[in-house]
Amino acid sequence: MNEGFSHEAFFYAGLDEFVEGVIAFVHDGVTGGEPTLVMVDAGKIRALRAALGHEAEGVHFADMTTMGLNPARIIPAWHQFVVQHGAGPGRAHHVRCVGEPVWAGRNLVELVECRHHEALLNVAFADTPGFRLLCPYDTSALDPTVISHALHTHPFVSDGGARLPSPSYEVVDPTNLFEEPLPAVPDERHELVFASLRAVRQFVSDHMASTGVDQAKANDVVLAVNEIAANSLRHGGGKGRLSIWFERADRGTLVCQVDDRGQITDPLVGRRDPSDGQRNGRGLWIVHKLCDLAQVRTSPEGTATRLHFRALSRRPARVGVTSATGS
Amino acid sequence: MELSGSTSDDERTAAKKPLFEVSSRVDGDRAEITLSGELDLGDADRVTRTLRDVLEGQVDSIEINVQALRFIDSAGLQSLLDAREAARSAGVIFKIVGASAPVRRVVGLAGLDDLLY
């Protein structure tokens with residue numbers, strides 16, 4: 001039977017059903033000699049290790065809530081595992097993976113990016129028949145729309161160990177994913193029209209300094225914004241607009257958006273490991289590691305890249321303050 | 001909080017920040033290239049040109065000193081990769097020395113740690 005990449009949704013309600021379903025899947029892999037990687041939250045890793053007993057020794061685990069907090073990092077993680085274990089295109093081996101990209105704490109903006117990620121998986125591994133991936137979704141914790149989206153993005157559904165075609169799988173043109181508009185930029189923001197990277201870095205540094213963000217994190221934000229702005233200069237008509245604000249809902253989250261006139265045509269840009277020798281996409285690859293979420297929207301009209309940096313301490317700007325030494 | 005208007009590049013660059021500098025010194029068959037300041041997309045080609053000039057002389061080894069680099073982006077990184085490639089193609093020993101935190105950070109993020117060894 002000619003099998004393509006097997007991308008399966010696994011619906012469960014509560015931890016016990018999760019463990020039961022996943023260990024059956026993992027057990028088949030281990031006994032079949034297939035390298036197995038499980039990326040889920042730390043609590044679920046503990047539960048699986050306990051249930052697997054000695055069989056857990058043959059399984060790789062990683063914490064999805066850090067590795068894959070920014071869902072754009074997930075495809076590279078699978079790709080690395082696939083290649084490492086000889087299951088890439090044209091290679092003979094098989095690997096088996098479990099990945100839970102969506103959990104109850106994900107906000108609406110993250111859920112959109114997770115949905116895009118699931119759709120992009122089908123593109124990224126279309127020529128990797130040796131890869132079988134199980135994606136658990138908790139029906140007791142997630143909104144029904146999320147479950148319905150999962151049925152659209154997964155060609156298969158795992159049911160009691162059997163793999164069935166999804167009743168509502170949709171083949172998607174990936175360029176459509178990136179045309180959905182972002183929520184509006186808030187009025188309360190700082191803005192810079194730029195034609196040089198030095199101006200961008202200065203603007204971001206100044207803003208970081210006035211909000212009391214720690215230096216290492218500030219450097220990361222400067223680097224990330226510089227990379228996106230560099231793409232504007234190189235591919236986006238030589239200039240762009242940078243907007244910076246703190247999230248209204250979660251005041252600890254800093255958002256930086258770069259708008260330019262260029263168009264991105266590769267839906268997987270930034271999700272391929274550039275140390276393989278590729279010249280393009282290294283900037284966005286780095287950005288995805290530095291930020292907690294990066295939303296890219298692109299069309300013939302231009303490109304908007306919105307970066308989210310969470311949990312930045314924020315000191316309100318103080319006006320008319322004399323020296324703290326009381327002189 | 002007010003919406004701040006667009007800020008001109010001139011105002012920004014007038015805030016005396018040291019620019020990017022590249023210099024080279026040849027001592028016998030050994031060349032040392034020194035990079036300082038901030039290396040970004042706008043200046044990456046200066047690294048490439050300097051390396052090409054150095055290779056036109058008869059050197060056996062090239063050392064790029066990045067001790068004084070305060071910032072490097074992926075374009076700057078690419079110019080270092082290109083430099084290594086050009087040197088190797090010419091049979092010239094190539095080494096980067098003095099990598100500080102900003103350089104190591106970008107190199108690590110790009111998965112190119114062997115550039116520094």
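So you know, we letter chains A, B, ... as the sequences are listed, proteins then strands, and number each from 1.
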Residues, nucleotides or ligands: over 12 heavy atoms within 6.0 Å of B/Arg30 CZ: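 Enclosed: over 12 neighbouring heavy atoms sit under 6.0 Å from CZ of B/Arg30.
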
From A/Asp63, A/Ile74, A/Thr65, A/Thr66, residue fulfilling side-chain contact (heavy atoms from CB on, under 4.5 Å) relative to A/Met39: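 Only one option passes, and that is A/Ile74.
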
Contact class of B/Ile72 relative to chain A, heavy atoms under 4.5 angstrom: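 Backbone of B/Ile72 only, per the 4.5 Å heavy-atom cut-off to chain A.
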
Under 4.5 Å from a heavy atom of chain A, the part of B/Asp113 involved: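 The answer is neither part of B/Asp113.
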
Count the heavy-atom pairs under 4.5 Å between each of [options] and chain A, then report the option with the highest count.
options: B/Val106, B/Asp40, B/Asp114; answer: B/Asp40
options: B/Ala110, B/Gly111, B/Pro102, B/Ala101; answer: B/Ala110
options: B/Leu112, B/Leu77, B/Leu41; answer: B/Leu41

Distance alone, cut at 3.5 Å: any donor-acceptor contact between the side chains of [X] and [Y]?
X: A/Asn219; Y: A/Gln215; result: yes
X: A/Thr298; Y: A/Gln263; result: no
X: B/Glu63; Y: B/Asn65; result: no
X: A/Asp292; Y: A/His308; result: no

If I measure from the heavy atoms of chain B, does [X] come under 4.5 Å with its side chain, its backbone, both, or neither?
X: A/Leu290; value: side chain
X: A/Arg201; value: side chain
X: A/Asn226; value: side chain

